[in-house]
Amino acid sequence: MAALSEPVFLLNLNPLFTSKNPYPIHFLNLPKLPSKPLVIATCCAATPPSPSPSPSLPQDSDQNPFQTSSERIRDRRKVVRLAWEKLVRWSRSWRSKAKTDVLERTKKVVVLGGGSFGTAMAAHVANRKAQMEVSLLVRDPAVCQSINENHCNYKYFPEHKLPENVTATSDAKTALLGADYCLHAVPVQFSASFIEGIAEHVDPGLPFISLSKGLELNTLRMMSQIIPQTLKNPRQPFVALSGPSFALELMNKLPTAMVVASKDKKLANAVQQLLASSYLRISTSSDVTGVEIAGALKNVLAIAAGIVDGMNLGNNSMAALVAQGCSEIRWLATKMGAKPATITGLSGTGDIMLTCFVNLSRNRTVGVRLGSGEKLEDILSSMNQVAEGVSTAGAVIALAQKYNVKMPVLTAIARIIDSELTPKKAVLELMSLPQVEEV
């Protein structure tokens, strides 16, 4: 027999081959046949396969194996184009049916608190309708004067001009008189005392839209509990507004998405209509607990993320920490009755990513400085805004104990804030935890 030569190809027609590789090729060394051309063997047939697909060949339902590369690219682009056109048609149809009656009826909105986010939301609402009166209730006379005389909040946005229909006052009666909606932007730890001071001027039917995120330290209450209980009106209309949103970017009218949550679906829809604009998307939810808990706990997690950055522990550590923190938030929130989908939505994962990874975050900044070795007292005294995560951390752990939920990362942060644990020691302890199954 002649010596073995270069390989020839055998086309495998096994019906079990996959559509991902419709032509499995096996290389065989066959005897060299003198003066004979290279032969393609196909099920013992001497002739090459027909260009048309054999009936015995399993065909991919989405792809013709005999198409050219350019044909496949053209077909894929057609599918994408049709999907996009369908989405646009659906969007236009939906917008054509959208109601505008809430915005048309609304004559006045009051904003409680003249901080960065309260100011940004006041400007946003004022831009929705030039004829609407937007009144900021502030305690700082200098801020009040700056808004009324120069149309800017010199403390937080000195370079941003506020709409002409935004005014400020320190008189609660004047601010609340005739208001259709109330945006509450006072930090959680000061909310109860603030509301007590204005309670006599609050209409029992005035809807409160809470922009504040956190838990009251001693009582573990959320804003959905603080507002009606302080006003002594359990039926006070309430909406929680949350989601990934920096005040500065709202002021710059950059695309943003948030969620409004209320047990009253009609109220949630009304607030959605009031706030939604070309650069602010508003989703609705009935899961008030999930939206509020996620908004409170993400601030504590942001401090942890900042510490990792401040200690230069690297990207692996950051990803692992935030993933663990997200799980801890989900464990507690679902134990309290929240929907898992809420925790993976705008007010959960969305806000967590923004707060943990972006330098504009106040809570993350606190963590970075703690991780760099600064003392908490020095950090807080140098800030002109409230980092809610600092005061919320202790309340979160008390809440976790109440619902019997283990939260290693967030507990470590509470210990660091209480000066009972150093960031370095916390990392060592967390890395020494038992190796367990992921849940």
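What you see below is based on every heavy atom in this structure, not just the backbone, and it leaves out hydrogens, waters and symmetry mates. By convention here, the first residue in the shown sequence is residue 1.
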Give a yes-or-no answer on whether the side chains of Ser382 and Arg369 include a donor-acceptor pair shorter than 3.5 Å. yes
Are the side chains of Leu360 and Glu249 in contact, using a 4.5 Å heavy-atom criterion? yes
Should Gln236 and Leu206 count as side-chain neighbours, where that means a heavy-atom distance under 4.5 Å? yes
Using side-chain heavy atoms (C-beta onward) and a distance below 4.5 Å, is Ile209 in contact with Phe238? no
Determine which pairs satisfy ring-ring contact (aromatic ring centres under 6.0 Å, His included) with at least one residue from residues 372-412, sequence neighbours left out, and list them in order. none
Keeping Ser361 on the side-chain end and Cys356 on the backbone end, is there a donor-acceptor pair under 3.5 Å? no
How about Pro237 and Asp264: do any of their side-chain heavy atoms sit closer than 4.5 Å? no
Kindly check if the number of other-residue, nucleotide or ligand heavy atoms within 6.0 Å of CZ (Arg281) is above 12? no
Does Arg128 use its side chain to pair, donor to acceptor, with the backbone of Ala276 at less than 3.5 Å? yes
Would you list the pairs meeting ring-ring contact (aromatic ring centres under 6.0 Å, His included) in which at least one residue belongs to residues 158-186, sequence neighbours left out? Phe157-His160
May I have all residue pairs that pass salt bridge (Lys or Arg N to Asp or Glu O under 4.0 Å) and include part of residues 169-178, sequence neighbours excluded? none
Around atom CG of Asp378, are there more than 12 heavy atoms of other residues, nucleotides or ligands at under 6.0 Å? yes
If you count every heavy atom of other residues, nucleotides or ligands that lies below 6.0 Å from Phe190 atom CZ, does the total exceed 12? no
Does a side chain donor of either Thr167 or Glu133 reach within less than 3.5 Å of an acceptor in the other side chain? no
Taking atom CZ of Arg235 as the centre, does the number of heavy atoms from other residues, nucleotides or ligands within less than 6.0 Å exceed 12? no
Answer yes when Asp180 and Arg105 have at least one side-chain N-carboxylate O distance shorter than 4.0 Å, and no when they do not. no
Taking the side chain as every heavy atom from C-beta outward, state whether Ser91 and Leu87 have any atom pair closer than 4.5 Å. no
Under a 4.0 Å N-O cut-off, is there an ion pair linking Glu388 with Lys213? no
Check: Thr256 side chain, Leu280 main-chain N or O, donor-acceptor pair, under 3.5 Å: no
Inter- and intrachain pairs under ring-ring contact (aromatic ring centres under 6.0 Å, His included), touching residues 359-386, at least two apart: none
Among Leu297, Leu220, Val405, which residue meets the side chain to side chain contact (heavy atoms under 4.5 Å, CB included) test with Leu399? Leu220
Quick one: do Glu216 and Thr219 satisfy side-chain hydrogen bond (donor to acceptor under 3.5 Å, both in side chains)? Show the steps, please. CA-CA 6 Å; Glu216 197 172 46; Thr219 66; 2.4 Å; yes
Are Phe357 and Met318 close enough that some pair of their side-chain heavy atoms sits under 4.5 Å apart? yes
Is any side-chain heavy atom of Val271 closer than 4.5 Å to one of Val102? no
Could you walk me through whether Arg330 and Thr344 pass the side-chain hydrogen bond (donor to acceptor under 3.5 Å, both in side chains) test, one step at a time? CA-CA 9 Å; Arg330 173 170 51 85; Thr344 57; over 6 Å; no
For atom NZ of Lys161, is the number of surrounding heavy atoms from other residues, nucleotides or ligands below 6.0 Å larger than 12? yes
Using side-chain heavy atoms (C-beta onward) and a distance below 4.5 Å, is Arg362 in contact with Thr355? no
Quick one: does any side-chain atom of Thr230 pair with a main-chain N or O of Glu196 as donor and acceptor, under 3.5 Å? no
Start with the C-alpha gap between Ser286 and Lys339, add the side-chain angles, then the distance that decides, and say whether side-chain hydrogen bond (donor to acceptor under 3.5 Å, both in side chains) holds. CA-CA 10 Å; Ser286 60; Lys339 300 175 183 176; 3.2 Å; yes
Using modelled atom types only, decide if a donor and an acceptor are shared between the side chain of Glu328 and the backbone of Leu410 within a distance under 3.5 Å. yes
Which pairs with one or both residues in residues 253-311 pass ring-ring contact (aromatic ring centres under 6.0 Å, His included), sequence neighbours excluded? His124-Tyr279
Decide, yes or no, whether a salt bridge links Arg364 with Asp309 under the criterion of side-chain N to carboxylate O below 4.0 Å. yes
Among Leu137, Leu136, Leu183, Val138, find the residue that satisfies the side chain to side chain contact (heavy atoms under 4.5 Å, CB included) test when tested with Leu112. Leu137
Applied to residues 108-121, the side-chain hydrogen bond (donor to acceptor under 3.5 Å, both in side chains) test, sequence neighbours excluded, yields Ser116-Gln385, Thr119-Asn153
